[in-house]
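Heads up, the thing below is written out as structure tokens.
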Amino acid sequence: MLDIKFIRDNPEVVKQGIKNKNGKDRVDELLVLDKQRRNLITQTEELKAKKNSVSQEVAKLKKQGEDASSIISEMKIISDETKEIDNELNAIEEKLNEILYHFPNLPDESVPVGKSSEENVVVRQWAPEEFSLENEEKVLDHIELGKKLNILDFERGTKISGSGFPLYIGKGATLERALINFMLDTHIKEHGYTEVLPPFLVNRASLIGTGQLPKMEEDMYNIEKDGLYPIPTAEVPITNMHRNEILEEDSLPINYVGYSACFRREAGSYGKESKGFLRVHQFNKVELVKFVKPENSYDELENIVSDAEAILKLLKIPYRILLLCSGDLSFAASKCYDIETWSPAENKWLEASSCSNFGEFQGRRASIRFRNYKTKKLNFVHTLNGSGLATSRLMVSLLENYQTPEGKIIVPKVLQKYTGFEIID
RNA sequence: GGAGAGGUGGGUGAGUGGCUGAAACCAACGGUUUGCUAAACCGUCGUACUGGGUAAACCGGUACCGAGGGUUCGAAUCCCUCCCUCUCCGCCA
């Protein structure tokens, strides 16, 4: 959420930022409400101040055993008037908040302005030495490989739950588990993150805190009976660990890594990239989350990207890193890098990670603050997160890149101690 | 699912209608003392919004004792609804 004071003082900056993000500009509407709100606050507070002082009088008079009935009846009128103004005020604040909670975060200055993913910028690209993007012989795609080797069963997944719910079998399941453990261990041991295994169902306040709600209501699974939502990413529970907390300045940065299953309705996206693993309702992800001091957040974004890409280097899977343009940035992000892995069968890059800096956007929504030792003031922390990484698209690249001409899969060297086997055939 | 207890400031914990934004203690911070550490003593010590002020310091006002309503001139305190936590019983991975 943006600071209303900032919007008030910099309406043009905010308008431009929203425009660059392809958002709906409701700044003027908001400022009118803000003005009304402050007028009403002044009115009601004056009345309340009077009420408070007169109440003291009443107490005094009663103590002395004198009659206070005339001022009491006068106060009754003021009290009613106050209630009326308060009702009006509440209505305005509700409207104002509704708008404010739908305001996207603004892009950072370093983010290229652009309309869509077409204008994202490739920052760098990496591949193991023996690799070439030009593959001459025909390769099997991950669905064919999964079927042939009996490690993935999308049909049965559909029978059990519906389309988009993958089912791993045998060595496929083991490989998935190995991948998760390998990524967790690497981030914990090599990159210094603290492991978290969070709840997979969260309440509404948590989703508002990280920014999924109220805007993305349609994209969320919702267990109405209990008021709980299956998480679309571990970002939600992990970031909300510190909701409504005041952190010690010297405890920052806080770095968490957590595995979770992720649940997404993907409403309206049927038919688009929907085969196999490319777009699913449930997938596994290892998520990196950071709570940092404001002045460090953009450096920390670079760190989170390099922690995520380290996994791909170790796995020896070709990838590239994109700096998203303003129009492709998600609602809560001020800057974001996507990491895409290469799929030789699809002959294209697949998004396997998204690393974002949210600035104080989530900190403000979720009220996550720290005491600034120097100024003694409370400041919002900056939050970041990045997939490190999501296994579904990664699994596509892994299977396809590691297939042999006979259609077997060689297990990447670093995963072998986790799988206990070297080949899937 | 059944029965009960409870939610007060960073923490513990007083407080049953006006003198309570809230005692006391602990923690924290500043200072005095000290060869160092410790202790002792003194002082400071909530947040948000809002008005003024130089976007600082600071000053004024309002709100906040789980959340939301209600009663009242006046609510942490009385009433209603909801949420959460804990204990015991039942069921269960």
Side-chain angles (χ1 to χ4, degrees), chain A residues 1-14 30-31 33-97 100-101 197 199-209 213 223-229 237 240-252 254 261 294 360 363-381:
Chain A
M1 172 160 72
L2 298 180
D3 184 0
I4 180 81
K5 284 182 203 142
F6 180 82
I7 302 174
R8 200 183 290 155
D9 296 338
N10 307 278
E12 293 310 316
V13 175
V14 175
L30 185 81
L31 290 179
L33 289 170
D34 178 50
K35 191 85 198 245
Q36 290 175 350
R37 170 176 170 265
R38 284 191 292 158
N39 277 336
L40 290 172
I41 285 176
T42 309
Q43 287 179 40
T44 183
E45 287 191 350
E46 272 170 17
L47 290 175
K48 282 174 186 166
K50 182 161 186 202
K51 191 177 81 177
N52 287 342
S53 70
V54 173
S55 285
Q56 302 276 334
E57 290 293 313
V58 174
K60 221 180 267 172
L61 288 175
K62 290 221 164 169
K63 214 172 188 180
Q64 292 164 359
E66 292 178 33
D67 177 50
S69 55
S70 75
I71 44 177
I72 283 180
S73 60
E74 189 190 331
M75 277 305 96
K76 211 165 196 166
I77 297 166
I78 290 192
S79 183
D80 288 347
E81 202 177 333
T82 309
K83 259 174 211 166
E84 238 169 77
I85 297 175
D86 278 345
N87 284 339
E88 207 178 325
L89 182 61
N90 285 341
I92 290 203
E93 288 194 326
E94 201 173 304
K95 264 196 236 169
L96 191 141
N97 281 332
L100 205 52
Y101 274 98
L197 186 54
F200 292 1
L201 301 181
V202 297
N203 56 31
R204 199 174 163 83
S206 292
L207 285 159
I208 287 172
L213 292 182
I223 302 171
E224 273 182 42
K225 196 175 178 186
D226 299 291
L228 293 169
Y229 298 77
N240 278 283
M241 281 168 67
H242 295 300
R243 172 156 48 87
N244 293 331
E245 286 187 14
I246 294 167
L247 305 171
E248 287 301 320
E249 182 177 352
D250 58 15
S251 72
L252 303 175
I254 297 173
E360 63 172 38
R364 184 179 292 283
R365 282 182 164 243
S367 189
I368 309 170
R369 296 175 291 178
F370 70 97
R371 175 86 57 189
N372 186 316
Y373 288 147
K374 250 194 218 134
T375 64
K376 313 259 188 192
K377 291 265 159 63
L378 294 175
N379 294 125
F380 293 108
V381 298

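Naming: A, B, ... by sequence-line order, numbering from 1 per chain.
- Pair check for B/rA40 finds B/rU32; Watson-Crick or G-U wobble, both atom distances under 3.5 Å.
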Practice problem: Check the pair A/Ser206, A/Arg243 against side-chain contact (heavy atoms from CB on, under 4.5 Å), reporting the backbone distance first and the verdict last. | Solution: CA-CA 8 Å; A/Ser206 292; A/Arg243 172 156 48 87; 2.8 Å; yes

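- Shown here, B/rG18 forms a base pair with B/rC73; the pair counts as Watson-Crick or G-U wobble because both key distances fall under 3.5 Å.
- A/Leu378 has its CG atom 10 Å from the P atom of B/rG10, to the nearest Å.
- Taking for each of A/Asp34 and A/Met75 the nucleotide of RNA chain B with the nearest heavy atom, the 5'-most of the two is the partner of A/Asp34.
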Quiz item: Does the side-chain contact (heavy atoms from CB on, under 4.5 Å) test come out yes or no for A/Lys50 and A/Glu74, once each step is laid out?
Solution: CA-CA 11 Å; A/Lys50 182 161 186 202; A/Glu74 189 190 331; 4.0 Å; yes

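- In this structure, the separation between CZ on A/Arg37 and CG on A/Asn90 is 11.0 Å, given to the nearest 0.5 Å.
- Between the side chain of A/Gln56 and the base of B/rG18 there is no donor-acceptor pair of N/O atoms closer than 3.5 Å.
- Look at NZ on A/Lys35: it is 10 Å from P on B/rG51, rounded to the nearest Å.
- For B/rG1, the paired base is B/rC89 (Watson-Crick or G-U wobble, both distances below 3.5 Å).
- The closest side-chain heavy-atom distance from A/Glu360 to A/Pro294 is not below 4.5 Å.
- Residue A/Lys48 places none of its side-chain N or O atoms closer than 4.0 Å to OP1 or OP2 of B/rU62.
- Base pairing analysis places B/rC82 opposite B/rG66; the two distances defining the Watson-Crick or G-U wobble pair are each below 3.5 Å.
- As rounded to the nearest Å, B/rC26 and B/rA14 have C1' atoms that lie 15 Å from one another.
- Straight-line distance from the CZ atom of A/Arg364 to the P atom of B/rA48: 11 Å, rounded to whole Å.
- Figure legend. B/rC49 is base-paired to B/rG61; pairs are counted as Watson-Crick or G-U wobble with both atom distances under 3.5 Å.
- With C1' as the reference atom, B/rC78 and B/rU72 are 10 Å apart, rounded to whole Å.
- Between A/Ser79 atom OG and A/Leu47 atom CG the span is 10.0 Å, to the nearest 0.5 Å.
- Within the 4.0 angstrom heavy-atom criterion, only backbone atoms of the sugar-phosphate kind lie near A/Arg369; the bases stay farther away.
- The gap from the C1' atom of B/rU44 to that of B/rA27 amounts to 14 Å, rounded to the nearest Å.
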Quiz item: Should A/Glu245 and A/Ile368 be marked as a side-chain contact (heavy atoms from CB on, under 4.5 Å) after you check the CA-CA gap, both sets of side-chain angles, and the distance that decides it?
Solution: CA-CA 5 Å; A/Glu245 286 187 14; A/Ile368 309 170; 5.5 Å; no

With the criterion being N/O to N/O and under 3.5 Å, what pairs connect the protein with nucleotides 29-31 of chain B, and how long is each?
from	atom 1	to	atom 2	distance (Å)
B/rC29	O2'	A/Lys376	NZ	3.3

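- One atom, NZ of A/Lys50, and another, P of B/rC73, lie 16 Å apart when rounded to the nearest Å.
- Rounding to the nearest 0.5 angstrom, the gap separating the CG atom in A/Asn97 from the CG atom in A/Leu33 is 10.0 Å.
- Protein atom CG of A/Asp80 is 9 Å distant from nucleotide atom P of B/rC73, rounded to whole Å.
- Comparing the P positions of B/rG68 and B/rA76 gives an interatomic distance of 13 Å, to the nearest angstrom.
- Comparing the same atom, P, in B/rU47 and in B/rG7 gives a spacing of 24 Å after rounding to whole Å.
- Looking at heavy atoms from C-beta onward, A/Ile71 lies in side-chain contact with A/Leu61 at the 4.5 angstrom threshold.
- Residues A/Met241 and A/Ile254 fail the side-chain proximity criterion, which asks for heavy atoms closer than 4.5 Å.
- Going from atom CZ of A/Arg204 over to atom C1' of B/rC83 covers 15 Å, rounded to whole Å.
- What separates CE of A/Met1 from P of B/rC49 is a distance of 10 Å, to the nearest Å.
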Between N or O atoms, less than 3.5 Å apart, protein on one side and nucleotides 52-58 of chain B on the other: list the pairs.
from	atom 1	to	atom 2	distance (Å)
B/rA57	OP1	A/Lys377	NZ	2.6

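- Between A/Arg37 and the phosphate of B/rU50, there is a side-chain N or O to OP1/OP2 separation shorter than 4.0 Å.
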Exercise. Assess whether side-chain contact (heavy atoms from CB on, under 4.5 Å) is satisfied between A/Asn203 and A/Asn240, documenting all intermediate values.
Key: CA-CA 10 Å; A/Asn203 56 31; A/Asn240 278 283; over 6 Å; no

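- The interatomic distance linking A/Asn87 (CG) with B/rG68 (C1') rounds to 14 Å, in whole Å.
- Close to B/rG18, at under 4.0 Å from its OP1 or OP2, lies no side-chain N or O of A/Asn52.
- Look at the P atom in both B/rA23 and B/rU33: the space between them is 31 Å, to the nearest Å.
- Using a 4.5 Å heavy-atom cutoff, the side chains of A/Asp86 and A/Lys48 are in contact.
- Pairing partner, B/rC25: B/rG11, with both Watson-Crick or wobble hydrogen-bond distances short of 3.5 Å.
- Between A/Arg38 and A/Asp34 there is a salt bridge, with a side-chain nitrogen of the basic residue lying less than 4.0 Å from a carboxylate oxygen of the acidic one.
- Nearest-nucleotide positions on RNA chain B for A/Arg371 and A/Arg38 put A/Arg371 closer to the 5' end.
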N/O-N/O pairs, protein side and nucleotides 74-78 of chain B side, under 3.5 Å:
from	atom 1	to	atom 2	distance (Å)
B/rG74	OP1	A/Ser79	OG	2.9

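- Looking at heavy atoms from C-beta onward, A/Thr42 lies in side-chain contact with A/Glu46 at the 4.5 angstrom threshold.
- Separating the P atom of B/rU50 from that of B/rU34 is a span of 49 Å, rounded to the nearest Å.
- A/Ile246 comes within 4.0 angstrom of nothing in the nucleic acid, heavy atoms only.
- For the C1' atom pair drawn from B/rU85 and B/rC29, the interatomic distance equals 32 Å after rounding to whole Å.
- Using a 4.5 Å heavy-atom threshold, the side chains of A/Ile7 and A/Leu100 count as touching.
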